[in-house]
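Contents: one structure, followed by commentary.
Note that the structure is predicted; figures quoted are calculated from it, not measured. So that the names make sense, note that chain A is the first sequence line, chain B the second, and so on, each numbered from 1.
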Amino acid sequence: MRIGFTANGRPVVADDVWEGESLLYVLRERLGLPGSKNACEQGECGSCTVYLDGSPVCSCLVAAGQVAGREVRTVEGLAGEDGLDPVQQAFLDAGAVQCGFCTPGLLVQTHALLERDPHPSDAGIREALSGNLCRCTGYEKIMDAVRLAAARRSTRTEVDG
Amino acid sequence: MGAPGPRGVLRGEKNLEKITTDHPHGVGASAARPDGILKVRGEFAYSSDLWAEDMLWGTALRAPHARARIRSVDVSAALALPGVHAVLTHEDVPGRRTYGLEIEDQPVLAVDQVRYHGEPVAVVAADHPETARRAAAAIAVDYEVLEPICTEEQALDPARYGYVHAPAEYRGKAAGNVLHRQRVVSGGGVTDAVRARADVVVRGEYRVGMQDQAFLGPESGLAVPAEDGGVDLYVATQWLHVDRRQMAPVLGLPEEKVRISLAGVGGAFGGREDLSMQIHACLLAQRTGRPVKVVYGREESFFGHVHRHPATLRYEHGATRDGRLVYVDARIVLDGGAYASSSPAVVGNAASLGVGPYEVPHVSMEALALYTNNPPCGAMRGFGAVQACFAYESQLDRLAAALDMDPVELRQRNAVREGSLMPTGQRIDSPAPVAELLRRVKALPLPPAAGPDVRELPGALSNSTHGEGVVRGVGYAVGIKNVGFSEGFDDYSTARVRLEVIGGEPAAMVHTAAAEVGQGGVTVHGQIARTELGVERVTIHPADTGVGSAGSTSASRQTYMTGGAVRLACEAVREALFARGRARYGWTHDDLSLAGGKVVSAADGVLAGVAELLGGEYVEETRVYRHRPTQPLHPETGQGFGHVQYSFCAHRAVVDVDVELGLVRVVELAAAQDVGRAVNPSAVVGQIHGGSVQGLGLAVMEEIQVSEGKVRNPSFTDYLIPTILDTPPQPVDVLELADPHAPYGLRGAGEAPTLSSTPAVVSAIRAATGLTLDRVPVRPEHLTVQRPPTG
């Protein structure tokens, strides 16, 4: 089947999609957007997290056909024309990236967390990220990164405001 | 690499090309990862991201039985499916049909029997992964199912239960179903006279479950057939050259026609030391003449790599009334599963490190690995030493209780130090601050009592308690790990370094075959080049077999070994540059160095710019670094200078236990570790955090459930690894006591934190519950069903 939707602000079309294919598969294998990762493909690890119409979802659990006409934003769509998103920069600066396989999902999930709660508590961060597995970092520097991103975002908002 | 490469057809190749970064941060700075920006932008090409024009998808059919004879395999139905391009069995293997890291006992595809649940029997290439899966399912295999050999008792009685490998096919150094055995005897062993000198004796039998590395990036890669009849493989692995050594004879190719490039690696932790899809993808590419991509799903990943050896450890410790160890008598039995993998090295570590970082006058130790029909076990972070550490640290707690002594004080009283003798007779000849690490970790402030937020209580989001039934406990542990390959192995690494001028500025390029698996090797190689060559611009060449072996990214060895090689190559480049200056300008200085892109004399200041001296040419040198030699351990006594370096870490765990529901929350996990020299402090702390949490996982949740040889939980739904909710704050205290034998004085850091976190957490649970707890992982029923009746 043919599926059209919006990916990172651009209209995309995938042809010859088999009905069993997930959004994750179509992004990675048909649209040249392999940033979303395939660590478990059963919704346990969160490494395939993308925005679907503004809500973070595990793209491995979304059938590609469900996405027709909708808006998808992946890790490749986080950075703007003027550089990295503050969440991306904070993950780098805090040393929260080792192998990096969990990173795309964590970035999208953290981005969504800070959109709805700009000043999360530590317990709130842990709750929000509890669906994203990381095997390298022990999560300490991920906590640091989220705190850093929140602090920078609030500074930026105050300046902008 | 010289040979015809397929790079032009690859998508997602950015990190398969060179990565250049500009910054001044040399050795000792928390320099940024050169691959960091690609990783946060989602542009870093992992092995599962690769794609080539016209590529096929490969998949394997795996055995559903732990032990069976294969009567027949019929692939005709699979071949008949539209979109299927090849179906291969062992009959299609052009060369040798077995491979192995140390012992070649593992079939590429099952020949006439299967020895473990999940053993590959056939492989398929098709134009869509689902077609490949359906074709694999259409292969008809007629099995004669046999009773599997699963337990120590069964394995040690082959007359009754049979052999995993028939005696005619056995390739190990022992016999029967014993894969490998190592004894260590010191102080004349543990005799009746020695036993009589102990005032207090404690005995225990401990068990460690089968842990999985659970790296997030699944086994995957892309094999591309080359015009010269060879193959180019892009793959996530830990050691390119040992992959090639095992692959080439199977593929029927000379090694130079098997060219391997490292694709992005999503974690490893030992699980990529053995081959997984490498040969299968190459066989399919050879057969079809097309690129073949193989990507395991998570379930296949659980079957597709070796695991941490489950172990049964029987210990007897004797001590004097004032808390001095007199003897340790121990036997460690490791389940090696169906194939050897790295079991001999695991046994060597367990035997030689099995009494822990303690001075013990009399030791009688035997460690062995068994062949069984359970899943093959091999390398996982801290191997051999992890299992032993849980047992000896549990014994130290038990001994402290028997002596009514503080458990930290008991450990400090018996701790090794520089100059101590190990049970192997090896004298520790660099700092060994075991007592100091314990002192430091104990001196850290304790966390406050849990607040009212249920997310900070056992059960967390399950909202299972508001504090009732919750008891706090504190526990300590310390461990010892060897660094580098031991027991006489010729362990080396190779580095090629080029110094050139780009855009008027001197720039270095570092080319090694070291596998960057997430630990940050590429970061420290750049730091070393900056320090040694006085440049800011460094290019990291992709790791491939176009340069000599770097050895394995394992055994906490890469910063030591490939870092050492990069430094040697930089020194050679520097000397070659100075030689130019001496020839051209008649320099006679013996105080030259490179700094800020200039040649500097300590006495006379700047002599020349590097750009001027190079004059449009470049200097390139390749060097091999070897650590000092070690010796094999004597087979009967275990005596010998077996290890290059030791690494030490201590933990303090604080837990809250809901004693009614058996739920554990680790409240804090503090660590103190000596790293000799922190080449990159941020990365070192990252290793300690990550290693500690893998130990936490083994303590309270991680276990591959195997019954009758069958894996029951091959998914992240059923095999649990710690989430961010299961993981506590982790204060870390890093010591830097230089090892005079090592580059920059550094001490391999990656594994030691994985050892002591497990026993520290269990010790804390014991303190909270009063239970014995002699098995990990500790499960809720261990804390409730076994709980002594109250009142």
Side-chain angles (χ1 to χ4, degrees), chain A residues 18 20-21 25 28-29 32-45 47 74-79 84-85 87-89 91-104 107 121-143, chain B residues 11-12 30 32-33 35-37 39-46 48-49 51 128-130 213-218 264-269 295 297-298 453 455-456 460-461 517-520 682-683 685-686 688-694 696 715-717 721-725 727 729-730 732:
Chain A
W18 169 61
E21 288 177 16
Y25 183 89
R28 290 174 52 77
E29 304 297 340
L33 291 170
S36 307
K37 289 291 167 271
N38 55 319
C40 79
E41 296 181 80
Q42 59 180 151
E44 294 288 354
C45 75
S47 59
T74 71
V75 66
E76 288 100 332
L78 288 185
L84 298 179
D85 183 89
V87 174
Q88 292 171 308
Q89 191 62 51
F91 269 66
L92 288 180
D93 294 346
V97 178
Q98 287 190 29
C99 92
F101 210 78
C102 67
T103 303
L107 291 172
S121 64
D122 281 2
I125 297 170
R126 290 189 193 277
E127 181 174 354
L129 301 185
S130 61
N132 290 77
L133 297 176
C134 170
R135 191 56 159 169
C136 295
T137 66
Y139 302 105
E140 271 290 79
K141 289 175 183 288
I142 291 172
M143 292 295 295
Chain B
R11 186 198 70 199
S30 288
R33 302 186 62 94
D35 54 13
I37 290 175
K39 285 181 173 178
V40 298
R41 294 181 73 97
E43 294 174 350
F44 183 81
Y46 293 88
S48 55
D49 298 340
W51 183 92
H128 189 284
E130 180 62 18
Q213 298 84 353
F215 43 73
L216 286 196
V265 184
F269 318 115
V295 181
R298 182 53 52 183
D453 190 329
R455 293 174 296 190
E456 296 175 353
L461 295 171
V517 300
Q519 84 282 22
S682 173
V685 171
I688 296 171
H689 287 152
S692 299
V693 169
Q694 289 182 3
L696 183 162
S715 74
F716 280 164
T717 307
I721 65 173
T723 71
I724 198 167
L725 267 176
T727 308
Q730 301 171 65
V732 171

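There is no contact between B:S30 and chain A, counting heavy-atom distances below 4.5 Å. Using a 4.5 Å cut-off between heavy atoms, A:T103 contacts chain B through its side chain alone, with no backbone atom that close. Residue B:V40 touches chain A through both its backbone and its side chain, counting heavy-atom pairs closer than 4.5 Å. Proximity to chain A (any heavy atom under 4.5 Å) is shown, for B:L216, by both the backbone and the side chain. Using a 4.5 Å cut-off between heavy atoms, A:C45 touches chain B through its side chain atoms alone. Interface remark: A:Q42 contributes side-chain atoms only to the contact with chain B (heavy atom separation under 4.5 Å). Heavy atoms of B:T717 lying under 4.5 Å from chain A belong to its backbone as well as its side chain. The parts of B:Q730 that come within reach of chain A are both its backbone and its side chain, each placing non-hydrogen atoms under 4.5 angstrom from that chain. For chain B, no part of A:T74 is nearby; none of its heavy atoms comes within less than 4.5 Å. Proximity to chain B (any heavy atom under 4.5 Å) is shown, for A:A123, by both the backbone and the side chain. Heavy atoms of B:I37 lying under 4.5 Å from chain A belong to its backbone as well as its side chain. Interface residue B:V295: only side-chain heavy atoms are found under 4.5 Å from chain A. Residue contact with chain B, scored on non-hydrogen atoms closer than 4.5 Å, involves the side chain of A:E21 exclusively. Looking at A:L78, neither its backbone nor its side chain comes within 4.5 Å of chain B, counting heavy atoms on both sides. Neither the backbone nor the side chain of B:A32 comes within contact range of chain A; no heavy atoms are under 4.5 Å apart.
Between the side chains of A:E29 and B:H128, no donor N or O sits under 3.5 Å from an acceptor N or O.
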Please walk me through it: do A:D122 and B:E456 pass side-chain contact (heavy atoms from CB on, under 4.5 Å)? CA-CA 10 Å; A:D122 281 2; B:E456 296 175 353; 5.6 Å; no
Step by step, would you call A:K37 with B:D49 a side-chain contact (heavy atoms from CB on, under 4.5 Å)? CA-CA 9 Å; A:K37 289 291 167 271; B:D49 298 340; 3.1 Å; yes
Evaluation steps, side-chain contact (heavy atoms from CB on, under 4.5 Å), between A:R135 and B:Q694: CA-CA 8 Å; A:R135 191 56 159 169; B:Q694 289 182 3; 3.7 Å; yes
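When all heavy atoms are compared, the tightest approach of A:G138 to B:V693 is CA-CG2, 3.5 Å. Listed here is the closest heavy atom pair of A:Y139 and B:P722: OH-O, 2.7 Å. B:Y46 approaches A:C99 most closely through the heavy-atom pair OH-O, 2.6 Å.
For the side-chain hydrogen bond (donor to acceptor under 3.5 Å, both in side chains) test, no residue two or more places apart in sequence or in another chain qualifies with A:S36. Qualifying side-chain hydrogen bond (donor to acceptor under 3.5 Å, both in side chains) partners for A:E127, counting only residues two or more places apart in sequence or in other chains: B:R455.
Atom CZ of B:R41 sits about 5.5 Å away from atom CG of A:L84, to the nearest 0.5 Å.
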